[in-house]
Amino acid sequence: MNNTTILDQIREKYLAGGENPENYLKGLLYARPINYWDYVETDTLLSLQRPRTDFKDEEIFIMYHQVTELVLKMMLHEIKQLVSGDPDNAVCTDKINRLNRYTTMLITSFDVMRSGMDHDDYNRFRHTLTPASGFQSVQFRQIELYCTRPENLLNGEGRALAARGVPAEELFDFMYWKSAGLNRSTGKKTLTLRQFEEKYQDGLVQLARQIRGNTLEEKIAGRDVLSEELRAALREFDRLYNIEWPMVHLGTARHYLENKEGARAATGGSEWQKYLHPAFQQRKFFPSLWTGDELQNWGLETRS
């Protein structure tokens with residue numbers, strides 16, 4: 001029977017690391033007890049909303065997007081564990097189901113955007129956000145790169161170049177989302193896209209090179225056995241993240257930006273009606289898990 005005390009275990013822990021356990025025990029004499037507001041950094045968190053207008057719902061808009069970024073960070077936290085290790089089917093399924101719950105949170109939370117802000121006030125204060133755009137969320141791009149090979153994120157021209165042997169990491173100008181950052185009348189990049197590239201492109205290219213061969217897609221493809229539970233969870237993640245979430249985003253954009261006179265421009269200047277639709281994006285994380293017909297008809301059942 002093991003009769004070691006907690007103090008014995010603490011001493012063993014620090015001695016095993018070559019440390020003097022007495023120093024750590026003395027530190028406990030002076031440490032303050034933890035509380036919720038310090039642990040969660042509540043005061044800091046609640047001070048991060050800085051509206052640029054006097055419209056009250058702009059603060060809702062800011063907080064909503066901050067919550068979204070925190071959810072994306074939780075997703076990255078899970079995905080990084082999946083691609084850096086080799087968990088068995090059960091553990092992998094559990095983590096993919098976590099991603100599905102997080103993605104469902106993103107989908108259902110769009111009700112805050114659609115019904116939680118005054119329609120006319122939003123269409124006024126949003127002009128002060130120009131040229132900022134949710135398009136500039138780097139975590140969104142990081143999730144894509146961790147989940148699937150860059151080849152699956154290229155537009156048509158990029159896929160043709162990749163088929164000729166050009167490494168996908170050299171084709172970042174042909175990523176599908178770059179299409180939303182071009183001025184269609186001039187063919188030049190919008191300020192929204194230029195800002196994003198200046199801040200993040202080098203890091204994204206580096207990430208694509210670093211993760212090459214170890215994306216979630218490739219990790220899954222390398223498994224000897226893929227359980228039916230894991231296959232179903234992966235397909236659900238692909239569907240939720242790459243079809244359902246963009247469609248909810250598109251519906252909310254239509255709510256605010258379409259009127260009897262036609263469609264208003266997005267703050268980032270994108271052709272949002274086309275760009276946001278999954279049938280146009282054609283973003284798929286795990287194409288090998290879908291049939292030819294399913295790939296061909298990707299997002300078409302949600303076209304309305």
Side-chain angles (χ1 to χ4, degrees), residues 1-49 62-106 108-109 137-147 200 203-204 206-220 222-227 229-230 233-234 236-237 240-241 285:
M1 184 174 179
N2 189 347
N3 292 319
T4 59
T5 66
I6 291 293
L7 285 175
D8 291 331
Q9 294 175 41
I10 290 174
R11 289 190 176 95
E12 289 174 8
K13 171 186 174 179
Y14 289 109
L15 287 172
E19 294 289 293
N20 181 353
E22 297 302 317
N23 291 334
Y24 290 89
L25 290 171
K26 287 177 182 177
L28 292 176
L29 293 173
Y30 312 109
R32 291 179 310 198
I34 191 68
N35 53 57
Y36 175 84
W37 50 90
D38 284 340
Y39 185 68
V40 180
E41 295 284 357
T42 305
D43 292 341
T44 299
L45 188 63
L46 299 182
S47 71
L48 297 177
Q49 296 77 45
I62 295 170
M63 287 188 285
Y64 173 79
H65 285 85
Q66 289 174 338
V67 169
T68 297
E69 289 294 336
L70 287 174
V71 175
L72 293 177
K73 186 173 183 179
M74 288 193 287
M75 296 179 75
L76 277 169
H77 178 73
E78 300 294 347
I79 294 168
K80 287 176 182 178
Q81 293 176 66
L82 286 169
V83 301
S84 64
D86 190 24
D88 61 26
N89 277 326
V91 172
C92 195
T93 301
D94 177 66
K95 290 193 174 296
I96 297 298
N97 282 332
R98 293 186 191 185
L99 294 174
N100 289 338
R101 286 192 290 274
Y102 295 146
T103 308
T104 299
M105 286 173 61
L106 293 173
T108 58
S109 69
S137 171
V138 70
Q139 289 194 114
F140 195 91
R141 306 304 165 204
Q142 290 168 342
I143 286 174
E144 292 177 339
L145 291 174
Y146 273 109
C147 282
Y200 293 122
L204 290 173
Q206 182 179 358
L207 174 61
R209 289 179 174 145
Q210 173 189 332
I211 202 71
R212 167 62 76 180
N214 286 299
T215 63
L216 184 55
E217 176 200 10
E218 291 164 302
K219 286 277 190 176
I220 295 301
R223 287 180 176 271
D224 294 331
V225 177
L226 188 66
S227 70
E229 293 80 7
L230 179 53
L234 288 163
E236 180 71 350
F237 179 42
L240 289 172
Y241 196 87
F285 290 160

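Side chains are part of it too, since the values below use all heavy atoms of this structure and drop only hydrogens, waters and symmetry mates.
Interatomic distance, Met75 CE to Gln142 CD, rounded to the nearest 0.5 Å: 13.0 Å. Note that NZ of Lys80 is 9.5 Å distant from CD1 of Ile211, once rounded to the nearest 0.5 Å. A distance of 9.5 Å separates CG in Leu234 from CG in Asn97, rounded to the nearest 0.5 Å. One finds the CE atom of Met63 at 5.5 Å from the CD atom of Gln49 (value rounded to the nearest 0.5 Å). Here the OG1 atom belonging to Thr68 is positioned 6.0 Å from the CG atom belonging to Leu106, to the nearest 0.5 angstrom.
No hydrogens or angles considered: nothing links the side chains of Thr103 and Asn100 as a donor-acceptor pair under 3.5 Å. No side-chain donor-acceptor contact under 3.5 Å links Tyr36 and Thr42.
The shortest distance between side-chain heavy atoms of Gln66 and Leu70 does not fall below 4.5 Å. Using a 4.5 Å cut-off on side-chain heavy atoms (C-beta onward), Arg11 and Glu22 make contact. Counting heavy atoms from C-beta outward, Leu216 and Tyr146 have side chains that stay 4.5 Å or more apart. Contact of the Tyr102 side chain with the Phe237 side chain is not registered, since no non-hydrogen atoms from C-beta on lie closer than 4.5 Å. For the pair Met74 and Val71, the minimum side-chain heavy-atom distance is below 4.5 Å.
In this structure, the side chain of Asn89 does not engage the main chain of Leu230 through any donor-acceptor pair within 3.5 Å. Under a 3.5 Å cut-off, the side chain of Gln139 and the backbone N or O of Glu69 do form a donor-acceptor pair. A donor-acceptor contact shorter than 3.5 Å links the side chain of Gln81 to the backbone of His77. Between the side chain of Asp94 and the main chain of Val91, no donor-acceptor pair closer than 3.5 Å is present.
Here the closest heavy-atom approach between residue Arg223 and residue Asp88 is recorded as NH1-C, 3.9 Å. In plain terms, the two heavy atoms of Glu218 and Gly213 that are nearest each other are OE1-N, 3.2 Å. Minimum heavy-atom separation, Phe285 to Glu144: CE2-CA, 4.0 Å. In terms of heavy-atom proximity, Lys219 sits nearest to Asn214 at CE-OD1, 3.6 Å. When every heavy atom of Ala208 is checked against every heavy atom of Leu145, the shortest pair comes out as CB-CD2, 4.3 Å. Nearest heavy atom pair, residue Thr44 against residue Ser47, reads O-OG, 2.7 Å.
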Query raised in the report: Under the side-chain contact (heavy atoms from CB on, under 4.5 Å) criterion, do Val67 and Met105 qualify, and how do the steps go?
Result: CA-CA 10 Å; Val67 169; Met105 286 173 61; over 6 Å; no
Requested in this report: Take Arg141 and Tyr200 through the test side-chain contact (heavy atoms from CB on, under 4.5 Å) and record every step on the way to the result.
Outcome: CA-CA 10 Å; Arg141 306 304 165 204; Tyr200 293 122; over 6 Å; no
Report task. Would you please test Gln206 and Arg209 for side-chain contact (heavy atoms from CB on, under 4.5 Å) and show each step? Result -> CA-CA 5 Å; Gln206 182 179 358; Arg209 289 179 174 145; 5.8 Å; no
Query raised in the report: Would Cys92 and Ile220 count as a side-chain contact (heavy atoms from CB on, under 4.5 Å) if you check the C-alpha gap in whole Å, the side-chain angles of each, and the deciding distance to 0.1 Å?
Result: CA-CA 9 Å; Cys92 195; Ile220 295 301; 4.1 Å; yes
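Checking Ile96, Thr215, Leu99 one by one against Ile79, the side-chain contact (heavy atoms from CB on, under 4.5 Å) holds for a single residue, Leu99.
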